[in-house]
Structure formats: C-alpha cells, structure tokens
Amino acid sequence: MILESLDISGFRNYESQHIDLSGGTDIFFGKNAQGKTNILEAICVCALTKSHKSSKDREMVHFGQEEAHIRGIVRQKGIPVRLDVHMRAGGKKSLAIDGQRQKRAADYIGNLRVVFFSPEDLGIIKNGPSERRRFMDIQLCQTDRTYLNDLSAYNKLIAQRTKLLEKIRETPGYRTTLDIIDEQTIDYGSRVIRRRAEFLNEISIKASSLHMDLTSGRELLIMKYEPDVEVTDYAEKMRSNRERDIYSGRTNAGPHRDDIAVISNEQNLRKFGSQGQIRTAALSLKLAETEMVKDKGGEPPVLLLDDVLSELDSERQRQLLSSIGDMQTLITCTDIQNIKGHLEYKRSFRVEEGTVTIDTA
C-alpha cells in the first residue's frame, strides 16, 4: 500500500497544494507553525475520515472558507485508488472512492491504513482513558470492518439513549422504549468488549517483545484490558444503573468507559512510571500497532512520524528507524540536518507558510 500523491485545498493553513510522494521515506521540514503537521493530519483524515487530534471538521476548514477537500491516490497491490474527503464548515462531510460516493464511513475506512506517531502519543499512557480507547479503536477500525460496524452501531445507540433519558425525565412513559434500546446496546457493546479483549491480548504479546528489545531485557511490559463492565454482568449492570442513568442523563456503564493498564515490572506506568519508562512503553505500543496493521491488512501501513525523533534519545531513535524497513514513511522535523546521515530518505520537502516545495539542496 503506497500513498502516491496528496491534494489538499481549504484545509488548515493550505489554500491549495499538490504533493507527489516518493513511496519510500519522505521528509517535510521547516520552522514551527508552517503547516508540517497539517500535511500528516490531512493524510490521517483521508485514511480515517477523522483527525488524530479529535478536531471537529469546522476547525480544519481554512479560515474564511466554507469547505475543505482532501484527495489521496493510493496504490493497492498495483491498482490505483482515488480517495476523496470533502468537509464543510457547517455541514456533513462526504466520502468517495474512485468518484463513487460512500454513504457510510465503514465502507470507506481501510482503503488507506496509517499509523500516526506524534509527541502527544508519547503521553498516551499518562493521559486519560479516552486516549487509550482511541488507540484501540483506530487500529481495530482500519483492519476489522465488523468491529467498525459494531462500534459505530454502539455509539449511535448511546447517543439515542442519551436523548431518550432526557425525554424520560419529562415523560416517564418513554421507559418502555428504553428496554428496546438497552437490549441492542448490550448486544453491540458486548461485541465491542470481546473484540477489544482479543486485540489487547494480541498487541500485548507484540509490545512485550518489542519492549524487551528496547530495554535490553530489563523490563517486562504487560497491557491489561480494563473493561468498565464484563459481558456476563452487562445486562445486570444496565438494570441496576437505570435510575442513576435517568437522573444523570447519561449511560454510566459500557465500553465507552473502558481503559487499558500499561504495566512494566508490575508497576502501573500511568501512576508510577518515570518519563523515560513512559516514552519507551509508548514507543513499544506504536511499533506493535504498526506490526499488527501490517499483519491484519496484508500490506505495511503508511507510517506518519510528526516531529517524534526530536523527542527520543539516540537509542530509541535507532529502534524506531530500524523498524521502518520498506514501509512508506513520512517524517516532519524542524531541522533536516539532524536527520541527514542518520536516515536514508528519497525525497525532502520544504514547508513554509502553507506552501510545500521540493527541496533540491
């Protein structure tokens, strides 16, 4: 899987930009706040329909404009595929594959698989549970369409249930409708829980092996799934929480409240890990994610490294760069001189005030 070219217009600080990529390792360099990260974000949106930052569509549309467009040409097993994402500041985005509009994101996602690694990801272990759930969901949604459909259905049911809980406070007669929605919520929620448990088991094995290499065998890394509710207790938990849910206006049990414990040598890193331990563990998770996307999808993903090298010491840089292999990789940095001599790359681009030009120096 290769991303051959990217066209963006009306996106962030870009009015219009075409970029031909090499298919290997490309570097985007320039001063801060020039638009380097925005390029990788556009690729992320092209792949996942959403930003890695959880940004809203209107926040990504260029100031003063009403819409933004992202187009990527992806070569899959020798066949070019055109992906289009059209965002509107005040409306719903539209998606298309080879000019054919896709009604559901589930039918679009998976045509371009990416692994995004930014300095913020180094803190994924210290951040709140939503970041760790997002980590699971991004990987699973790219490689498991059934999971994507189940998660989408679950999220819609939670949204419907929230609206219904508000109505029940005003009109108690709506309680009977809650029984129907709860049955569906438990069904889809249970599917999400089971698949997340499988995923955590798989990625924990890979991350543990990678972590052993990064720490020269000194630290054993374990990723432990912490579901908010077990499948066997799900229905009872929903029943016992019903009055509380009605009072609070939200669903207080379910996989939307799940978490992951990241443990090194029997210590929970979120609570007790040093900065170095947390960074090493986060790197292990991202490398494991890359391996899993490759294993599940049959082809390597596109690796997006957003100014990560400057945040890692030389040993961690070496481990990360050695994992690239033949994977297409796009790297952003402020000073290309820090990379020259340490990494073989095919093409470099200078980024300045929302304009990208090929560097010929």
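The figures that follow rest on heavy atoms only: side chains count, while hydrogens, waters and symmetry mates do not. Remember, it's a predicted structure, so these values are computed and weren't measured experimentally.
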Checklist entry - side chain to side chain contact (heavy atoms under 4.5 Å, CB included) between Ile260 and Ile125: does it pass, once the steps are laid out? => result CA-CA 9 Å; Ile260 303 170; Ile125 295 165; over 6 Å; no
Item to check | Worked check of salt bridge (charged side-chain N to carboxylate O under 4.0 Å, His left out) between Lys167 and Glu170 | outcome: CA-CA 5 Å; Lys167 289 182 178 179; Glu170 300 172 2; over 6 Å; no
Checklist entry - Between Ile331 and Leu343, is a side chain to side chain contact (heavy atoms under 4.5 Å, CB included) present by the stated rule, with each step listed? => result CA-CA 11 Å; Ile331 300 173; Leu343 173 68; 3.4 Å; yes
Next on the checklist: Working note: Asp359 + Phe29, criterion side chain to side chain contact (heavy atoms under 4.5 Å, CB included); need CA distance, chi angles, decisive distance, verdict.
Outcome noted: CA-CA 9 Å; Asp359 180 50; Phe29 70 95; 3.7 Å; yes
Checklist entry - Run the salt bridge (charged side-chain N to carboxylate O under 4.0 Å, His left out) check on Lys93 and Asp57 step by step: do they pass? => result CA-CA 8 Å; Lys93 70 166 65 73; Asp57 287 357; 3.2 Å; yes
Next on the checklist: Working note: Glu41 + Arg12, criterion salt bridge (charged side-chain N to carboxylate O under 4.0 Å, His left out); need CA distance, chi angles, decisive distance, verdict.
Outcome noted: CA-CA 10 Å; Glu41 183 182 26; Arg12 293 293 189 185; 2.8 Å; yes
Checklist entry - Run the side chain to side chain contact (heavy atoms under 4.5 Å, CB included) check on Arg244 and Ile246 step by step: do they pass? => result CA-CA 5 Å; Arg244 180 187 175 197; Ile246 293 171; over 6 Å; no
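Ion pairing of Lys286 with Glu289 is present here, as a side-chain N (NZ or NE/NH1/NH2) and a carboxylate O approach within less than 4.0 Å. Salt-bridge check for Arg82 with Asp98: failed, with every basic side-chain N at 4.0 Å or more from each acidic carboxylate O. Using a cutoff of 4.0 Å between basic side-chain nitrogens and carboxylate oxygens, Lys296 and Glu202 are scored as salt-bridged. Comment: Arg347 does not engage Asp26 in a salt bridge, judged by the lack of any side-chain N to carboxylate O separation of less than 4.0 angstrom. A salt bridge links Arg161 with Asp245: the distance from a Lys NZ or Arg NE/NH1/NH2 to an Asp or Glu carboxylate oxygen falls below 4.0 Å. With salt bridges taken as basic N to acidic carboxylate O contacts below 4.0 Å, one links Asp137 and Arg196. A salt bridge does not link Arg134 to Glu131: none of the charged nitrogens lies less than 4.0 Å from a carboxylate oxygen. The pair Glu166-Lys163 does not count as a salt bridge, with every side-chain nitrogen at least 4.0 angstrom from each carboxylate oxygen. Salt bridge annotation for Arg242-Asp179: present, with a cationic side-chain nitrogen under 4.0 angstrom from a carboxylate oxygen.
No more than 12 heavy atoms of other residues, nucleotides or ligands sit less than 6.0 Å from atom OH of Tyr188. Counting non-hydrogen atoms of other residues, nucleotides and ligands closer than 6.0 Å to CZ of Arg101 gives a total of 12 or fewer. At most 12 heavy atoms of other shown residues, nucleotides or ligands fall within 6.0 angstrom of atom CD in Glu66. Other residues, nucleotides and ligands contribute only 12 or fewer heavy atoms inside 6.0 Å of the CZ atom of Arg58. For NZ of Lys126, the number of neighbouring non-hydrogen atoms (other residues, nucleotides, ligands) closer than 6.0 Å is greater than 12. Around CD of Glu198, the count of heavy atoms belonging to other residues, nucleotides or ligands within 6.0 Å exceeds 12. Around atom CD of Glu183, no more than 12 heavy atoms belonging to other residues, nucleotides or ligands sit under 6.0 Å away. Within 6.0 Å of atom OH in Tyr345, more than 12 heavy atoms from other residues, nucleotides or ligands are found, so the atom counts as buried in its surroundings.
To the nearest 0.5 Å, atoms SG (Cys44) and CD1 (Ile39) are separated by 14.0 Å.
Residues Asp233 and Glu230 meet the side-chain proximity criterion, which asks for heavy atoms closer than 4.5 Å. Counting only heavy atoms from C-beta outward, the side chains of Thr177 and Arg175 never approach each other to under 4.5 Å. Counting heavy atoms from C-beta outward, Leu21 and Ser5 have side chains that stay 4.5 Å or more apart. By the 4.5 Å heavy-atom criterion applied to side chains, Gln76 and Asn111 are counted as neighbours.
No side-chain donor-acceptor contact under 3.5 Å links Arg104 to the backbone of Asp107. Between the side chain of Asp144 and the backbone N or O of Tyr147 there is at least one donor-acceptor pair closer than 3.5 Å.
None of Leu3, Val74, Ile70 except one satisfies the side-chain contact (heavy atoms from CB on, under 4.5 Å) rule with Cys46; the exception is Ile70.
Glu291 meets the salt bridge (charged side-chain N to carboxylate O under 4.0 Å, His left out) test with Lys206; sequence neighbours excluded. With sequence neighbours left out, the salt bridge (charged side-chain N to carboxylate O under 4.0 Å, His left out) criterion links Arg71 to Asp84.
Under the 4.5 Å side-chain contact rule for hydrophobic residues, Met60 and Leu40 share a cluster. No chain of hydrophobic side-chain contacts below 4.5 Å, direct or via other Ile, Leu, Val, Met, Phe, Trp or Tyr residues, connects Leu200 to Val115.
In the model, Asn252 has a side-chain atom that pairs as donor or acceptor with a side-chain atom of Ser248 under 3.5 Å. Thr355 and Glu353 are not linked by any side-chain donor-acceptor pair at a separation below 3.5 angstrom, with hydrogens and angles left out of the test. Thr37 and Asp306 are linked by a side-chain donor-acceptor pair at a separation below 3.5 angstrom, with hydrogens and angles left out of the test.
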